[in-house]
Amino acid sequence: MNIEEKLSAVVKAAVSALYGIEADDKSVQLSATRKEFEGDLTLVVFPFLKASKKKPEETAQEIGDYLVANASEVEKFNVVKGFLNMVIKKGHWVSALNNILADDNFGKKTPTPESPLYMVEYSSPNTNKPLHLGHVRNNLLGSSLCRILEACGLRVVKTNIVNDRGIHICKSMLAWKLFGNGETPESSGKKGDHLVGDYYVKFDKEYRAQVKELMSQGQSEEDAKKNAPLMVEAQQMLKKWEDGDAEVRALWEKMNNWVYAGFDETYKRMGVSFDKIYYESQTYLDGKAKVNEGLEKGVFYRREDGSVWADLTKDGLDEKLLLRADGTSVYMTQDIGTAQQRFRDYDISRMIYVVGNEQNYHFQVLSILLDRLGFKWGKDLVHFSYGMVELPEGKMKSREGTVVDADDLMDKMVEDAKQMSLELGKLQDCSEAEVDEVARICGLGALKYFILKVDPRKNMMFDPKESIDFNGNTGPFIQYTHARICSVLRKAAEMGITLPNKLNEDLQISDTEGMLIQSLASYPDVVAQAGKEFSPALIANYIYDLVKQFNSFYHDFSILKEGNEDVRAFRLLLSKSVAKVVKSGMGLLGIEVPERM
RNA sequence: GGUCGGGUAGCUCAGCUGGAUAGAGCAACAGCCUUCUAAGCUGUGGGUCAAGGGUUCGAAUCCCUUCCCGAUCACCA
């Protein structure tokens, strides 16, 4: 039980004894005291004024007296208006630090075989182009969310649905066939996903030229788009694919494999992975079957042209197409099939889709459709809807070449980190491999932190012209603090200082140190909150605050030069605990921390 | 037009289950390295929390109206 919970109980006892009311959790508002006032924890007494029928100051005074008499942790208190500021005994903070030191898994819970199973879908790329910054946000949020949920004691299956079929892939295939001259990743030295993406762009370029040409011959834009030879041929290719044409299937497999090899590299570098990957080429048939089943049961209806629809007007939505007139499936159909397979494969208690907020409507519809098809978990699916990454000129658009490529961005970040490191010259006695490793950790750390510190639900801005910072509220700032602590601990070891496992609670510590421990002690609550709200940003902002606080302490207090050995040992263990929490929290964000930089 | 988001310092973002004088970083300016890593620390300036109304002892936070921005309502995924 932490100090807030303990004191909360005593406050309830206090108002019960003093004013004869049973206070609920909501009315007991305890929070960290603002730094301009004396104290560690503050109780807001306004909610009790009705019962006390006394002035705020008087009420606070009475509750304060009760707390000092009945809560051993409370040393004294002061009252400012309706705020009761409690000073907690220093011994309590030392004891709290002892608890943190003793717990190797501090802040995290361990899932058991009985824990609920959460399946988290994220990444979900198309196989016609490389990953860009938008995918990066998705991947980082998804993988971090999985780590956080596990730290909250849940079992997690990380999954990915690869959209490996459809007209967009056929476009790349066709362009490669027509203009590729047999180019391969080996022959060109290009990463497979980039190579395939190049042909997707090539298709679009040639296609637009054809549309323009047809329009100059007098066709309407709509007709021209439909009749352009390239589009006609791509559609024929899609049809051949569905019919199982051997040649088309072979090309499809070849090019998809190029893409997968490229994705694997990018995923590995980002530090994301999956327990189970689904492919739409293997789920869309199940989806079609399920839709046809729904059609027979009268859940859906067929129009004159043969297409199949769901009527959602009773739910306040529109009508939704599920099968085209030619019987081919759409996105929604595939998602139904995928969902079915997943629940067949795993005993899922909750399904979470990490997908951008542009698809809010899609998931609203999916939830209803699954429910109507008789899947009892349909209603409870969670769409973890995150905001878009915007550029100064607006949304990223593949065709307009305004995308920020994931691989390029990571390269740039690592390069910048190396440059910075060389300029500062702190790693002069390291091998080149070590220098590169630090640059990798810091560069990726800067990128990941930059993205994860923002509230997932909000759109965020990225300006490619301005490089991501390494100072201030950034990943490297936090990593730097960790490296410094490691450095101090290394020096302590060199000096032959041995650290006790447990500190004497009579030790006199400063307010600064007490407050630092108070921050450390709140880490488990932050992790729980992040899991509840699906927000890695809460962890990022917490670590930043913690680190800022530590840096201030580090500046104002000596550690190794402290004359009193007990105090020196305390400060070393305090620093060590900060490093431990920083490493743990950054770990939940998928960010590594270096031991020197 | 319907639905759903969002608008906080010059810029990027916290704060939003109502609590004290709205916070950080970047940018600007001024200090701090013979002392544990200056990717750091300290300070200054910078705000009509989009606007108006309401609820409340108390509103950036909750409710209503208006304005602005975005997403979506595809036989794309």
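For clarity, every value in this text was computed on a predicted model and none was experimentally measured. Lettering of chains follows the sequences in order, A, B, ..., and the numbering in each one begins at 1. Because only heavy atoms are used, hydrogens play no part in the values below, and waters and symmetry mates are left out as well, while side chains stay in.
- Note: NE2 (A/H555) to P (B/C32) measures 12 Å, nearest angstrom.
- For A/R303 and A/W309, the positive end sits near the middle of the six-membered ring, less than 6.0 Å away and at most 45° from its axis.
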Each nucleotide N or O in nucleotides 17-26 of chain B that has a protein N or O under 3.5 Å away: list the pair and distance.
unit_1 : atom_1 : unit_2 : atom_2 : d
B/G19  : N7     : A/Q29  : OE1    : 3.0
B/A20  : OP2    : A/R34  : NH1    : 3.0
B/A20  : N6     : A/T42  : OG1    : 3.0
B/A20  : N6     : A/N85  : OD1    : 3.0
B/A20  : N1     : A/N85  : OD1    : 3.3
B/A20  : N1     : A/N85  : ND2    : 3.4
B/G23  : OP1    : A/R34  : NH2    : 3.1
B/A24  : O2'    : A/Y544 : OH     : 2.7
B/G25  : OP1    : A/K548 : NZ     : 3.4
B/G25  : O2'    : A/N473 : N      : 3.4

### Query
What string of B, S and - do you get for nucleotides 3-10 of chain B 5' to 3' if you count protein non-hydrogen atoms under 4.0 Å?
----S---

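- A donor atom on one side chain and an acceptor atom on the other are not found under 3.5 Å apart for A/N256 and A/D164.
- Using a 3.5 Å distance cut-off with no hydrogens or angles, the side chains of A/Y278 and A/Q334 do not pair a donor with an acceptor.
- A/M597 comes within 4.0 angstrom of a base, heavy atoms only.
- For A/Y361, the listed nucleotide lying nearest its side chain is B/U72; candidates were B/A38, B/U72, B/C41.
- Distance noted for atom C1' between B/A22 and B/A71: 29 Å (whole Å).
- Rounded to whole Å, the distance from CD1 on A/I478 to C1' on B/G40 is 14 Å.
- A/Y353 and A/F363 have tilted rings, their planes meeting at an angle from 30° to 60° on a 0 to 90° scale.
- The side chain of A/V488 has B/U37 as its nearest neighbour among B/C75, B/U37, B/C13.
- A/Y554 and A/F550 have tilted rings, their planes meeting at an angle from 30° to 60° on a 0 to 90° scale.
- For the residue pair A/Y331 / A/E280, no side-chain donor-acceptor distance below 3.5 Å is found, with atom types taken as modelled.
- The residue A/H362 sits apart from the nucleic acid: no heavy atom pair falls under 4.0 Å.
- Taking atom CG of residue A/D204 and atom C1' of nucleotide B/C76, one finds them 13 Å apart after rounding to whole Å.
- Residue A/D463 places no side-chain atom within donor-acceptor reach of the base of B/C11, judged by atom type and a 3.5 Å distance cut-off alone.
- A side-chain donor-acceptor contact under 3.5 Å links A/N551 and A/R484.
- Here the C1' atom of nucleotide B/C11 and the NZ atom of A/K465 are 13 Å apart, to the nearest Å.
- Taken together, the paired segments of RNA chain B that extend over three or more consecutive Watson-Crick or G-U pairs, each closer than 3.5 Å at both contacts, are B:1-7 with B:67-73, B:10-13 with B:23-26, B:28-32 with B:40-44, B:50-54 with B:62-66.
- Atoms OH (A/Y386) and P (B/U72) sit 13 Å apart, rounded to a whole Å.
- When the P atom of B/A38 is taken as reference, atom CD of A/E423 falls 17 Å away, rounded to whole Å.
- Across B/G46 and B/G7, the matching P atoms stand 25 Å from one another, rounded to whole Å.
- Residues A/Y279 and A/Y284 keep their aromatic ring centres 6.0 Å or farther apart.
- Taking the C1' atoms as reference points, B/U56 lies 34 Å from B/G2, given to the whole Å.
- At a threshold of 4.0 angstrom between heavy atoms, the contacts of A/F470 include nucleobase atoms, whether or not backbone atoms are also involved.
- Both A/V454 and A/G166 lie close to RNA chain B; mapped to their nearest nucleotides by heavy-atom distance, the more 5′-ward contact belongs to A/V454.
- Within the nucleic acid shown, A/M420 comes within 4.0 Å of at least one base atom, counting heavy atoms only.
- A parallel orientation is assigned to the rings of A/Y523 and A/Y542, their planes being inclined by less than 30° (bins at 30° and 60°).
- The aromatic rings of A/F477 and A/Y544 sit tilted relative to each other, their planes meeting at an angle between 30° and 60°.
- The side chain of A/R596 sits closest to B/U37 out of B/A77, B/U37, B/C41.
- Side-chain contact annotation: A/N357 with A/H383, donor-acceptor N/O pair under 3.5 Å absent.
- Here the P atom of nucleotide B/C36 and the CD atom of A/E494 are 13 Å apart, to the nearest Å.
- Rounded to whole Å, the P atom of B/U44 lies 13 Å from the corresponding atom of B/G23.
- Of the side-chain N and O atoms in A/S487, one or more sit less than 4.0 angstrom from OP1 or OP2 of B/U37.
- The separation of B/U66 from B/A30, taken at their P atoms, amounts to 50 Å, rounded to a whole angstrom.
- Distance A/R165 CZ to B/A77 P: 8 Å, rounded to the nearest Å.
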### Query
Can A/N138 and A/Y386 be said to form a side chain to side chain donor-acceptor pair (under 3.5 Å), step by step?
CA-CA 8 Å; A/N138 179 301; A/Y386 64 89; 3.0 Å; yes

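- In terms of phosphate contacts, A/R324 brings a side-chain nitrogen or oxygen within less than 4.0 Å of OP1 or OP2 of B/C76.
- Neither side chain, A/D40 nor A/T33, offers a donor N or O lying under 3.5 Å from an acceptor on the other.
- Close to B/C57, at under 4.0 Å from its OP1 or OP2, lies no side-chain N or O of A/K55.
- Taking atom P in both B/U3 and B/C41, one finds a spacing of 48 Å when rounded to whole Å.
- Side-chain contact of A/Y301 with A/E319: a donor-acceptor pair under 3.5 Å is present, judged by distance alone.
- Nearest-nucleotide mapping onto RNA chain B: of A/D556 and A/F450, the residue sitting toward the 5' end is A/F450.
- One finds a side-chain N or O of A/S552 lying less than 4.0 angstrom from the OP1 or OP2 phosphate oxygen of B/U42.
- Atom name C1', nucleotides B/C63 and B/C16: the rounded distance is 15 Å, in whole Å.
- B/A28 and B/C62 are spaced 38 Å apart, taking the C1' atom of each and rounding to whole Å.
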